[in-house]
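Only this structure's heavy atoms are used, side chains among them; waters, hydrogens and symmetry mates stay out.
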Amino acid sequence: MQLFRIDPLTKKRLQRFRRIKRGYYSFLILVVLFVLSLFSEFIANDRALAVKYDGKLYFPTLKFYPMSTFDQKDEYGFDDVEANYLGLKTELRELRAEFKQRMESYSGTEAELIAAEPKYARKDAWVLMPMVPFDPYEPDFTYDVPPPNAPDGRHWFGTDGQGRDVFARLLYGFRISMVFALLLVVLGQTVGTIIGSLQGYIAGRFDLYGQRFIEIWGTLPFLYVVIIISAFFIINMWKLIIIFAIFQWIRITYYMRTEMYREKTREYCLAARSYGASSWRIMFRHLLPNCLTPLVTFTPFFIVGAIGSLTALDYLGFGLPAPTPSWGELIDQALQSDNRDKIWLSIAPFGAISITLVLVTFVGESVREAFDPKQFARYK
Amino acid sequence: MLKKLPVAGRLLVASCLIAGGFVVGCSSEKKPEATKDSVESSEAGGEEAAEAAPVHQKVPKGSTGIVVDPASIDWDTNEDAPIIGNPDAPQGGTWHDWMGSYPLTFRLQGPDSNDSFAGWNRSFTMDFSLVRLHPVTDEFIPCLATHWKVMDDNQTIYYKLDPDARWSDGEKITAHDFEFCYDMMLSPHIVDPFYNTHFDEYYSAVEAVDDYTLRIVGKRESWRPLYDYGLWPMPRHIFEGKLDENWVRNFNLQFQVAAGPYVIKETENGQRVVFERIRPWWGDEKRYFKGLYNVDKIDLMVVLDSDRALDHFKKGELSHFRVTTAKTWAQDMEFESIQKGWVHKKRVFIDYPQGLYGFAMNLQKPIFQNKDFRKAVQYGFDFDEINKNLMFNAYFRAVSAFEGTEYENPNLKPYGFDPAKVREHLAAAGYKTRGKDGIFQKADGSRAAFTLMYGQPGLERHFTVVKQKYAGLGIDVQLQQLEPGTAFQRGLEREYEMTIMSRTTNLFPSPHQYFASEYIKTTNNNNIWAFGTPHTDELIDVYRFDMDKQKRIDAMWELDSIIQDEAFYAPFWQAPFVRLLFWDYVVWPDGFFPRRFEQITDWQVMAIDTEKEKALAEAMKSGKALVRDEIVDVDRWGVKAAMVQAGGN
């Protein structure tokens, strides 16, 4: 497809983008963060990365193991619930310390002591926990004071109002925000581009009525529509993306429409037509590649908008259903009158949002600059 | 605070004589954790729609009642009930209090008459009704009527009025003022559908027999006629001839002529309203007004929210402050004034009906048709964990459907958290194996999963903890937060699996609208769980129509235990107390508040000791500490003791 063949102009633009350091590095940072967040389960989770127990290797991140696997029992005597890996780790550490102590006063070899007391055979078992050994859902009520608890060695960013780890929630929230924004922008831009292009290319009545429809559609109060829809369905991410996309496509149609109007009067378009190319082919093979500038330059800003709206909706409580990790929900907690003195609740999500949006905006600015044909223009 | 109560709720609180059988949304003390909700206001509209007035079929509507010669009546009265408050309380001083917004009107009816100021406004006007309920003994006591007599038909009542009673402008209060009130409440010119409907539904006739004898006929027989068919006066000499389409506008900002001891003396637009005590007042020597209305002035300032009000209190600008969040009470109550004994903190237990507040399961949804599953859900609800970790152990578990009334069955014990019982009941319900996600499922693959729908954002943090707990037990709870009005409406329409239900009640619970089987077939009523059997219907009818109190109580106790056994209602928490901060100069009677107490405006027992006020000012100037009162809990009525004994907390 011509769309993805790198022509000299695109190459030049890419080079220009790479030269703009601020945008380029922001882009790299974002990509790295996003890729890392795709593996959140390996970074913040209460399931261990790997467990060596009784000579066997387990990878609990990928599979559910009941407590019975590791000879555990919960406080009510059940062993078919999920294993407690943090507890197992502590258990094993204590066992090793005990063994070491016993060895100091024991006359024989290690092997002899193990033979005498078989439980010490487990001293070689180990548990490898992720960097943050908490998942974003499970409350941690081990503190004396009810949550939220301030940051400490256990929870780097503190806990929220339900005792959940703020760092874990930020991380998972970042992934959800980014995935949401990217999917939404892809969907919205595709639909918007097609409709806008058709309007510009076909023109006439189709354009006239289409434009009136868009104007009316554009005035619908988006937030209320979402709230109404959320009254009928239990919202999940896919439904929310579709609801957002229903409104998201509008803006790009304006630009694509005008681009098409302009491009279709050019000679190469006439030439293609005189060769007998179909409208479809002219539109998507000849015209569209030349109309991509607004699409590409606006995309980062649409991403910013999408993250912002999702956060706003979550803040209001009508976004993704609780307990989905979400920045907006954290901000909501931070702003509740009870929590106004718990500054870690506000610093963390505000910081995360600011950094993400600033990075995306830097990328956007650089893309726009790279695509600007009047590179050396001076405005007076 | 008052402003948070719904329309009907405030009417009920403010004038407890009018709203028999009305049931309303949740009070603010119920939901101290909720911060940005507005569920109450939106619930009010739905309430009126959902309200189904019990109609007694045996007596024709609009009966004309019994007519007798007043001279032949053997009048009833009550001069033996204990005095409310402390009759030796010091007089004088200024009571500083706050309200959330400046009143849009001083009218008592019509548009905008239901704001945070209304409680005070009504407490000196509409609260002066014919008779009152004694807040300790629940007996009827004289107010504007000294005597009364209920006729044999239990719907006609004669009242003999107090000839001493005067309006604040000196005019006599006569039976014609009551007659006028009735006409006025039915008038379309007051633009108040609530009163229009209520008076139309409850009253057949209000007649002045002579200047001081009043006859009221209710629409139907009642075992609490004095409660259902009470009335307050409206100043006929002020309004007569002026009750037209301009009434709402003309009387918008006109100060009320009151039957009570305070009138509005000055206002500062947008800032404050000051009430001043009438001295001497006609009621000063009456038995049941002694010990009340002790202060000379009541100064209400506008403070936007309760956080700021607390700051105003700490600065000494408010006489008292009512703490409504558990966190403030647990963590913010050791400031300097408390340590130095200038300010005292008290948690005063009161015996006020707690209403229905808890998880409701919809018996029309397949998942909850199995009683064992419902019981599994009951045993999986870890109230103590939530109370301890999210609410500073500040609340008490509710158990009964009629909590805080004499109809609550004291023998009920809450379902405690018990994972073994959860397993047992899940297995009995057919959920025997755990799926890949750890959730129990039946042999046919259907999961032990349901949706919890709610409209109060402030409760989300409780529910996520509940959800995690159930997930560990193998039950999947999906949370669905809706706009508060929508959530409430969907509850009424039974379009939910589980929801959080909150309704306040008065001293007389109304089980009929919540549990009568006649409502199962229809929706948009308060029987949101679709419960009811012929037997429970019989019990409810005993409560509604039997004149024997003991029979009514027995019936309700049985109903209460059936409701618990059927397990479709999992009560959440109750807060049967008032958390109070006040300066050292404020003097309370023994036990602080009467037993039946909800708002400070209900029974104004507070007094100000001006000597102590001076001493406090001096102590604060020199930084001298006073004696610190270490006793925090006040439990004169044994409410806390009873709850502790029942194992609630």
Evaluate the side-chain proximity of R164(A) to T464(B): yes if any heavy-atom separation is below 4.5 Å, no if none is. yes
Under 4.5 Å from a heavy atom of chain A, the part of N389(B) involved: both
For each of Q331(B), K469(B), R423(B), Q478(B), tally heavy-atom pairs with chain A at distances under 4.5 Å, and name the one with the top tally. R423(B)
Between D341(A) and chain B, which part of the residue has a heavy atom less than 4.5 Å away: side chain, backbone, both or neither? side chain
Would you mind checking which part of E495(B) comes under 4.5 Å of any heavy atom in chain A, side chain (CB onward), backbone (N, CA, C, O), both or neither? neither
Is atom NZ of K73(A) surrounded by more than 12 heavy atoms (other residues, nucleotides or ligands) closer than 6.0 Å? no
Write down the atom of K342(A), the atom of K327(B), and the distance for their closest heavy-atom approach. NZ-CE, 3.7 Å
At a heavy-atom separation under 4.5 Å, does D160(A) approach chain B through its side chain, its backbone, both, or neither? neither
What's the shortest heavy-atom distance between G472(B) and V81(A), and which atoms? O-CG1, 3.8 Å
Name all residues meeting the salt bridge (Lys or Arg N to Asp or Glu O under 4.0 Å) criterion together with E497(B); count only those two or more places apart in sequence or in a different chain, and write none if there are none. none
Should we say atom CG of L220(A) is surrounded by more than 12 heavy atoms from elsewhere, each under 6.0 Å from it? yes
As an exercise, state the distance from OG1 of T324(A) to CG of L479(B), rounded to the nearest 0.5 Å. 9.0 Å
For E329(A), is it the side chain, the backbone, both or neither that has a heavy atom under 4.5 Å from a heavy atom of chain B? side chain
In Å and rounded to the nearest 0.5 Å, what is the CZ to CG distance from F64(A) to D437(B)? 9.5 Å
Can you tell me which portion of F141(A) sits under 4.5 Å from chain B's heavy atoms? Options are side chain, backbone, both or neither. both
Under 4.5 Å from any heavy atom of chain B, what part of Y76(A) do you find: side chain, backbone, both or neither? side chain
Results of ring pair (Phe, Tyr, Trp, His ring centres under 6.0 Å) for Y431(B) - residues two or more places apart only: F373(B)
At a heavy-atom separation under 4.5 Å, does F78(A) approach chain B through its side chain, its backbone, both, or neither? side chain
Euclidean distance, L316(A) CG relative to Q481(B) CD, rounded to 0.5 Å: 9.5 Å
Are the side chains of Q162(A) and Q468(B) in contact, using a 4.5 Å heavy-atom criterion? no
Minimum-distance pair of heavy atoms, taken over all atoms of G161(A) and R461(B): O-NH1, 3.4 Å
Rounded at 0.5 Å granularity, tell me how far CD in E460(B) sits from CD in Q333(A). 8.0 Å
Verify the neighbour count for atom CZ of F335(B): are there more than 12 heavy atoms of other residues, nucleotides or ligands below 6.0 Å? yes
